[in-house]
Amino acid sequence: MNHLLAYRRYRLPLRVAVRTAHGVLAERTGVLVRLEDESGAVGWGEAAVLPWFGTETADEVAAACAVLGERVMAEQLAAVPARLRCLRFALQAATSARASASQKHLPVAALLPAGLPALKKIAPLAEAGFRTFKWKVGVGDAADELALLDDVCAALPPGAKLRLDANGAWQRLQAEHWLESCANRPVEFIEQPIAADARGAEDLLCGLANDYPTPLALDESLASEGDVERWLEVGWPGVFVVKPSLLGDVTGALARLAAEKAKVVFSSALETTVGARAALRLAFQWPGEARALGFGVWPLFADARFDGPALAPFLRVEDVEKINVEAAWNALS
Ligand code: MG
């Protein structure tokens, strides 16, 4: 089947700069694609590149689209190389038919700021209905942050769960101290306690996961094509944080995770509406146990036309289907 391919680059300032483990992100760059098939059906996709996460750059996506040209055969779409994994996700999203959802609604995790400011945020978020909270750790001094854990847990509403995300900031000893302290607390998991590229990271993460009762989650460790398969092969007992936008052949990876009954958390890569709808559709189609979404990121952009559904304790499948991806495309013309 022939497709007509069009693409538009974007460079969008964020409302408020986002602090990440890799520095401050003040604007988001990427590429939107539009594919029209011979029957006139149109689909959109987004290459939400994050080069510091190991993806290709927006320049590389645009160059690859230019090489594909305006008329593209299905085989050419399938032959886009694995290293262009954001583009592969975009093309997959733009050509896949909408599948039926397994879930009607999914809870959303609320993000807490690092350090002491987290404490003041919990009560209003709990009041709004949130029951899963994600607290960034590994930002300040590890001992100071650990001393706050008790207060953060005490501030949670009954039945709530806390996710900790260290973004790879700890050494083994710090990770062990945290895991000891988390043992009898309502901690759902600790995300990426050890850096993905630390020496012996795989053995270290597996050792920690097996030695302590609190589950661990992989995020940065799933940064290139084949990582999901590798961690499935070593029998990773913890959670897989899946950022669909960064996973390349996401359909293949999710099928493998589902077959292994893996624990999966779907998470944002700070996409516009276009990538967000595709990523959220996959989250709603996930056949395994439903976990709170890591999509509490909007409003994100200075131009609200690119924002997904506003932060709320739950997202409904209708909220996802209401996302107007064409408006984002048109806004770039
Ligand atoms: Mg993370």
Side-chain angles (χ1 to χ4, degrees), residues 5-20 22-36 42-53 55-62 64-65 84-96 98 106 108-111 134 242-247 250 266-284 293-333:
L5 169 67
Y7 66 97
R8 289 176 182 171
R9 296 183 61 146
Y10 64 79
R11 178 180 287 274
L12 299 168
L14 303 184
R15 270 176 82 240
V16 179
V18 175
R19 199 165 138 195
T20 74
H22 309 270
V24 173
L25 192 70
E27 61 176 21
R28 193 74 179 88
T29 56
V31 180
L32 301 186
V33 300
R34 178 188 186 275
L35 281 172
E36 183 174 343
V42 176
W44 284 271
E46 175 176 356
V49 296
L50 281 180
W52 47 260
F53 210 91
T55 79
E56 72 270 37
T57 63
D59 284 343
E60 288 174 294
V61 172
C65 288
L84 300 174
R85 58 184 204 273
C86 295
L87 177 58
R88 275 157 62 87
F89 173 68
L91 297 171
Q92 209 171 66
T95 47
S96 39
R98 193 188 143 199
L106 286 171
V108 176
L111 250 182
K134 176 167 166 170
V242 166
K243 294 184 163 89
S245 292
L246 307 184
L247 218 57
V250 65
F266 287 86
S267 184
S268 162
L270 308 178
E271 305 87 349
T272 74
T273 48
V274 177
R277 188 182 69 172
L280 286 166
R281 278 179 171 175
L282 292 170
F284 277 84
L293 297 167
F295 277 87
V297 293
W298 300 294
L300 178 68
F301 296 102
D303 182 339
R305 288 177 296 182
F306 296 96
D307 276 329
L311 179 65
F314 286 90
L315 264 187
R316 299 167 306 163
V317 69
E318 306 92 275
D319 302 326
V320 176
E321 294 311 319
K322 265 195 292 197
I323 296 174
N324 186 351
V325 298
E326 197 170 356
W329 174 261
N330 291 336
L332 293 179
S333 63

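Being a predicted model, the structure only gives us computed values, none of them experimental.
Under the 4.5 Å side-chain criterion, counting only non-hydrogen atoms from C-beta, Glu60 is in contact with Leu84. Using a 4.5 Å heavy-atom threshold, the side chains of Phe314 and Leu106 count as separate. Leu311 places none of its side-chain heavy atoms less than 4.5 Å from the side chain of Trp298.
By the side-chain hydrogen bond (donor to acceptor under 3.5 Å, both in side chains) test, Arg8 is found to be paired with no residue, residues two or more places apart in sequence or in another chain being considered. Qualifying salt bridge (charged side-chain N to carboxylate O under 4.0 Å, His left out) partners for Arg281, counting only residues two or more places apart in sequence or in other chains: Glu321. Listed by chain and number, the residues in a side chain to side chain contact (heavy atoms under 4.5 Å, CB included) with Pro13 are Ala302 (sequence neighbours excluded). Arg305 is linked by a side-chain hydrogen bond (donor to acceptor under 3.5 Å, both in side chains) to Asp303, counting only residues two or more places apart in sequence or in another chain. When the side chain to side chain contact (heavy atoms under 4.5 Å, CB included) test is applied to Ser267, the partners found at least two apart in sequence or on another chain are Val241, Lys243. A search for side chain to side chain contact (heavy atoms under 4.5 Å, CB included) contacts involving Ala304 returns Asp307, not counting sequence neighbours. By the salt bridge (charged side-chain N to carboxylate O under 4.0 Å, His left out) test, Arg88 is found to be paired with Glu225, residues two or more places apart in sequence or in another chain being considered. Applying the side-chain hydrogen bond (donor to acceptor under 3.5 Å, both in side chains) criterion to Glu27, with sequence neighbours excluded, gives Arg11. For Glu56, the salt bridge (charged side-chain N to carboxylate O under 4.0 Å, His left out) test picks out no residue, with sequence neighbours left out. Checked against side chain to side chain contact (heavy atoms under 4.5 Å, CB included), Ser268 has the following partners two or more places apart in sequence or in another chain: Leu270, Glu271, Phe295, Val297. Residues satisfying the side-chain hydrogen bond (donor to acceptor under 3.5 Å, both in side chains) criterion with Asp319, sequence neighbours excluded, are Arg316.
Sorted by first and then second residue, the side-chain hydrogen bond (donor to acceptor under 3.5 Å, both in side chains) pairs with a member in residues 323-333 form an empty list; sequence neighbours excluded.
At distances below 3.5 Å, at least one donor-acceptor pair connects side-chain atoms of Arg28 with backbone N or O atoms of Val49.
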